[in-house]
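Each residue takes its place number in the sequence, starting with 1. These figures come from a predicted structure and were not determined experimentally.
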Amino acid sequence: MTDSILSKAATMEIPINSNGDTRTAEDDSLEQGAQIGGSLDEIVGTLPVSMDLQQVMVSGPNLNETSIVSGGYGGAAEGIIPTSSIKAPSMHHSNSNPMMSEEATRGVAVEKFDSVKKWSINTYKCTKQMFSERFGRGTKTVDLELDAQIDVLKETKLKYERILRLARELTNHFYNMVQTQQALGDTFADLSQKSPELQDEFGYNAETQRLLCKNGETLLGAINFFVSSINTLVNKTMEDTLMTIKMYENARLEFDAYRADLEELSVGPRDAAAMVRIEMAQQQYQIHKDKYERLRSDVTIKIKFLEENKVKVMHKQLLLFHNAISAYFAGNQQQLEQTLRQFNVKLKPPGSDKPSWLEEQ
């Protein structure tokens with residue numbers, strides 16, 4: 001144990017300088033003690049009293065300026081290895097990457113904060129304007145002609161949704177009837193083979209039900225085509241226009257909110273700070289005014305095209321529905337098939353969706 005202690009003490013007495021030379025412990029102790037004492041006094045004297053933690057961390061020494069202190073017998077100043085003399089290329093990359101990452105993270109955080117701040121201000125102004133309009137204290141920008149067209153469109157959509165719902169119910173009920181007719185025809189055909197005394201009666205009833213089933217499948221094709229077209233018109237074309245209308249109504253509310261804010265600032269004091277706020281309010285007012293006018297133009301154009309498209313689609317679909325229903329209940333199979341060819345309605349082969357009653361047994 002004595003030998004190990006002596007060897008350790010001997011090792012600590014021989015510090016390594018920047019060139020790797022060996023010097024006496026007394027020389028290094030005197031020189032490094034003086035250097036450390038002087039540098040500490042300079043650092044303490046130059047640090048401001050009000051410096052916060054963040055400034056100390058940013059302006060503090062980096063890894064290359066840090067000294068490693070050994071706990072040798074010569075005191076705290078002995079056994080110091082200046083790391084500035086130990087340089088490696090990889091250390092520069094390890095110091096620069098965290099700083100860049102920290103700056104990028106800080107930039108993203110600032111951007112998110114600004115976005116949330118703008119959203120909060122806009123939400124507050126719009127909510128204030130909405131309550132002012134509801135309680136009769138605020139003014140509202142009104143386009144009587146466009147608002148009337150929007151009301152008509154919303155009412156029309158409700159009526160077309162009712163047509164779509166009833167047409168789907170008709171399809172379901174009629175499909176069940178066709179399936180029943182098919183099962184009944186198969187049953188009649190089976191009994192005609194097993195009941196010789198009633199073979200003719202069961203036979204022509206089976207043939208009648210099969211003919212009705214075939215015509216019913218043709219009519220189902222026409223009704224399904226009608227339902228699909230109405231569904232596209234209501235849930236895609238009209239819905240797209242209504243989404244633009246919703247954006248227009250939100251833009252109108254924002255425009256009125258910033259207009260009211262500008263009017264409120266204009267009647268206030270006219271000092272330097274107030275003039276800056278008025279100028280910023282004027283810029284925001286112009287931005288939302290341009291947005292409102294652009295969306296109003298979009299809504300006007302979309303309503304016009306929607307009306308033209310609705311007339312064209314419904315003219316074709318109502319004619320198809322009328323001709324198909326009339327031909328089916330008149331028992332005119334040829335006219336029914338001709339109606340589907342006229343409107344390019346393609347049918348699936350009969351019985352391709354579901355096996356017959358006999359095949360299920």
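With hydrogens and angles ignored, the 3.5 Å screen pairs no side-chain donor or acceptor of His315 with any backbone N or O of Val311. A donor-acceptor distance shorter than 3.5 angstrom exists from the side chain of Asn176 to the backbone of Asn172, with no hydrogens or angles considered. Distance alone, capped at 3.5 Å, places no donor-acceptor pair between the Ser297 side chain and the Glu293 backbone.
Under the ring-ring contact (aromatic ring centres under 6.0 Å, His included) criterion, Phe255 pairs with Tyr285, Tyr292, sequence neighbours left out. With sequence neighbours excluded, no residue forms a ring-ring contact (aromatic ring centres under 6.0 Å, His included) with Tyr160. Residues passing the side-chain hydrogen bond (donor to acceptor under 3.5 Å, both in side chains) test with Glu307, sequence neighbours excluded: Lys310. Applying the salt bridge (charged side-chain N to carboxylate O under 4.0 Å, His left out) criterion to Lys194, with sequence neighbours excluded, gives Asp190. Contacts of Asp240 classified as salt bridge (charged side-chain N to carboxylate O under 4.0 Å, His left out), with partners at least two apart in sequence or in another chain: Lys302. Considering only residues two or more places apart in sequence or on other chains, Tyr258 meets the side-chain hydrogen bond (donor to acceptor under 3.5 Å, both in side chains) condition with Asn122.
Residue pairs satisfying the side-chain hydrogen bond (donor to acceptor under 3.5 Å, both in side chains) criterion with at least one member in residues 226-235, sequence neighbours excluded, are listed as follows: Arg168-Asn231, Ser229-Gln317, Asn231-Asn235. Annotation: side-chain hydrogen bond (donor to acceptor under 3.5 Å, both in side chains) contacts involving residues 327-338, sequence neighbours excluded, comprise Asn332-Gln335, Gln333-Glu337. Within the structure, salt bridge (charged side-chain N to carboxylate O under 4.0 Å, His left out) contacts touching residues 243-257 (residues at least two apart or in different chains) are Glu133-Arg252, Lys154-Glu249, Arg252-Asp256, Glu254-Lys291, Asp256-Arg259.
To the nearest 0.5 Å, atoms CG (Leu220) and CD (Gln179) are separated by 8.5 Å. To the nearest 0.5 Å, atoms CZ (Phe226) and CG (Leu318) are separated by 5.5 Å. Remark: Met275 CE to Leu265 CG distance equals 10.5 Å, nearest 0.5 Å. For the atom pair Gln149 CD and Leu306 CG, the distance stands at 11.0 Å (nearest 0.5 Å). One distance of note links CD of Gln282 with OG of Ser266; it measures 7.5 Å at 0.5 Å rounding. Here the straight-line distance linking atom CD of Glu161 with atom OG1 of Thr156 works out to 11.0 Å at 0.5 Å rounding.
In the displayed structure, Glu145 atom CD is contacted under 6.0 Å by at most 12 heavy atoms of other residues, nucleotides or ligands. More than 12 heavy atoms of other residues, nucleotides or ligands shown are found within 6.0 angstrom of CE on Met177. Surrounding CD of Glu197 are more than 12 heavy atoms belonging to other residues, nucleotides or ligands, all under 6.0 Å away.
Here the shortest heavy-atom pairing between Thr339 and Ala324 reads CG2-N, 4.1 Å. Here the closest non-hydrogen pair linking Leu336 and Leu219 is CD2-N, 4.2 Å. Shown here for Ala189 and Arg210, the closest heavy-atom pair between the two residues is CB-NH2, 3.3 Å. Minimum interatomic distance between Leu164 and Val227 (heavy atoms only, all atoms of both residues): CD1-O, 3.6 Å. Closest approach of Gly221 and Val345 over heavy atoms only: O-CG1, 3.7 Å. Nearest heavy atom pair, residue Phe174 against residue Gly216, reads CE2-O, 3.4 Å.
Using a 4.5 Å cut-off between side-chain heavy atoms of Ile, Leu, Val, Met, Phe, Trp and Tyr, with links allowed through other members, Leu262 and Ile287 fall into different hydrophobic clusters. Note: the hydrophobic cluster containing Ile223 does not contain Leu212 (ILVMFWY, side chain heavy atoms under 4.5 Å, direct or indirect links). Connection of Leu295 to Met238 is established within a shared hydrophobic cluster, with ILVMFWY side chains joined at heavy-atom distances below 4.5 Å, either directly or through further cluster members. One hydrophobic cluster, built from ILVMFWY side chains closer than 4.5 Å, cannot hold both Tyr204 and Leu191; they sit in different ones. Side-chain heavy atoms closer than 4.5 Å link hydrophobic residues (I, L, V, M, F, W, Y) into clusters, and following such links, even through other members, never connects Val152 to Leu242.
Other members of the cluster containing Ile301 are Phe305, with ILVMFWY side chains joined at under 4.5 Å, either directly or via other members. When hydrophobic side chains of Ile, Leu, Val, Met, Phe, Trp and Tyr are connected at separations under 4.5 Å, Val142 ends up clustered with Leu144. The hydrophobic cluster containing Met280 also includes Val276, under a criterion of side-chain heavy atoms closer than 4.5 Å among ILVMFWY residues, counted directly or through chains of members.
The side-chain heavy atoms of Glu239 and Val234, taken from C-beta on, include no pair separated by under 4.5 Å. Using a 4.5 Å heavy-atom cutoff, the side chains of Met314 and Ile230 are in contact.
Checking Gln182 against Asp186 by side-chain atom types alone, no donor-acceptor pair falls below 3.5 Å.
Remark: Lys159 engages Glu155 in a salt bridge, criterion side-chain N to carboxylate O under 4.0 Å.
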Tyr248 and Ile150: side chain to side chain contact (heavy atoms under 4.5 Å, CB included), yes or no, with the steps? CA-CA 11 Å; Tyr248 157 74; Ile150 292 174; 4.0 Å; yes
Let's go through Gln209 and Asn205 carefully: what are the C-alpha distance in whole Å and the side-chain angles of both, what is the deciding distance for side chain to side chain donor-acceptor pair (under 3.5 Å) to 0.1 Å, and is it a yes or a no? CA-CA 6 Å; Gln209 293 300 321; Asn205 274 283; 5.5 Å; no
